[in-house]
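To start, the structure itself, in structure tokens.
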Amino acid sequence: MGINNIIWLSGSLEGDDTDGHIDNIARFVAPGVVACMEPGGSGDPNSDVLTAILGDLKGATDANGRKIEIVTVPSPGRVENAEGKIIAASFM
């Protein structure tokens, strides 16, 4: 497949029923540039996971050993369905 480097991001959003599909967490938006969410405030149920993902990306390099550029967007924070259950909400 021509893969030289894998960046593994662990964790998934609260209420995620996809078992952590990457498109809920981060997106490559250009060569060497990743967009991801950052915690959206003190009530964000995904604060720990998003902080860990940011840390993983900050330590990551591309296939040529260059640091990844990270662009962040705020998480939508706590989002609930009609029954009050937290659902996975993402701007990714």
Side-chain angles (χ1 to χ4, degrees):
M1 294 180 72
I3 297 171
N4 296 323
N5 189 32
I6 295 174
I7 302 170
W8 190 263
L9 304 176
S10 54
S12 61
L13 301 178
E14 182 76 28
D16 184 4
D17 59 1
T18 69
D19 294 325
H21 282 196
I22 191 67
D23 59 346
N24 274 342
I25 299 170
R27 302 277 179 117
F28 276 94
V29 295
V33 182
V34 175
C36 69
M37 291 186 294
E38 61 184 348
S42 61
D44 191 332
N46 296 300
S47 183
D48 291 343
V49 168
L50 296 177
T51 299
I53 289 168
L54 277 167
D56 289 342
L57 288 170
K58 287 178 182 177
T61 60
D62 69 10
N64 294 318
R66 296 176 295 224
K67 298 218 36 103
I68 300 291
E69 180 183 344
I70 304 165
V71 177
T72 60
V73 296
S75 160
R78 184 182 187 94
V79 178
E80 299 176 355
N81 65 13
E83 291 81 39
K85 180 180 174 188
I86 295 173
I87 59 174
S90 172
F91 289 130
M92 292 292 102

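Here Ser90 pairs with Leu13, Asn24, Met37, Met92 under the side chain to side chain contact (heavy atoms under 4.5 Å, CB included) rule; sequence neighbours left out. With sequence neighbours excluded, the residues forming a salt bridge (charged side-chain N to carboxylate O under 4.0 Å, His left out) with Arg66 are Asp62, listed by chain and number. In this structure, Arg27 has no side-chain hydrogen bond (donor to acceptor under 3.5 Å, both in side chains) partners at least two apart in sequence or on a different chain. Contacts of Asn81 classified as side chain to side chain contact (heavy atoms under 4.5 Å, CB included), with partners at least two apart in sequence or in another chain: Glu83, Lys85, Ile87. Considering only residues two or more places apart in sequence or on other chains, Val33 meets the side chain to side chain contact (heavy atoms under 4.5 Å, CB included) condition with Val29, Ala30, Glu69, Val71.
Hydrophobic cluster membership differs between Ile25 and Phe91, with clusters built from Ile, Leu, Val, Met, Phe, Trp and Tyr side chains linked at under 4.5 angstrom. Note on Val73 and Ile70: separate hydrophobic clusters, where clusters join Ile, Leu, Val, Met, Phe, Trp and Tyr whose side-chain heavy atoms are under 4.5 Å apart, directly or indirectly.
Among residues at least two apart or in separate chains, there is no side-chain hydrogen bond (donor to acceptor under 3.5 Å, both in side chains) pair with a member in residues 1-11.
Interatomic distance, Ile68 CD1 to Ile7 CD1, rounded to the nearest 0.5 Å: 4.0 Å. Here SG of Cys36 is found 10.0 Å from CG of Asp56. Values are rounded to the nearest 0.5 Å.
Clustering of Ile, Leu, Val, Met, Phe, Trp and Tyr by side-chain heavy atoms under 4.5 Å joins Met1 with Ile3, Ile6.
Contact between Arg78 and Ile86 at its shortest, heavy atoms only, is NH1-CD1, 3.3 Å.
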Just distance, no hydrogens or angles: give the donor-acceptor pairs under 3.5 Å from side chains in residues 45-53, sequence neighbours left out.
| residue | atom | partner | partner atom | Å |
| --- | --- | --- | --- | --- |
| Asn46 | OD1 | Glu14 | N | 2.6 |
| Thr51 | OG1 | Ser47 | O | 2.8 |

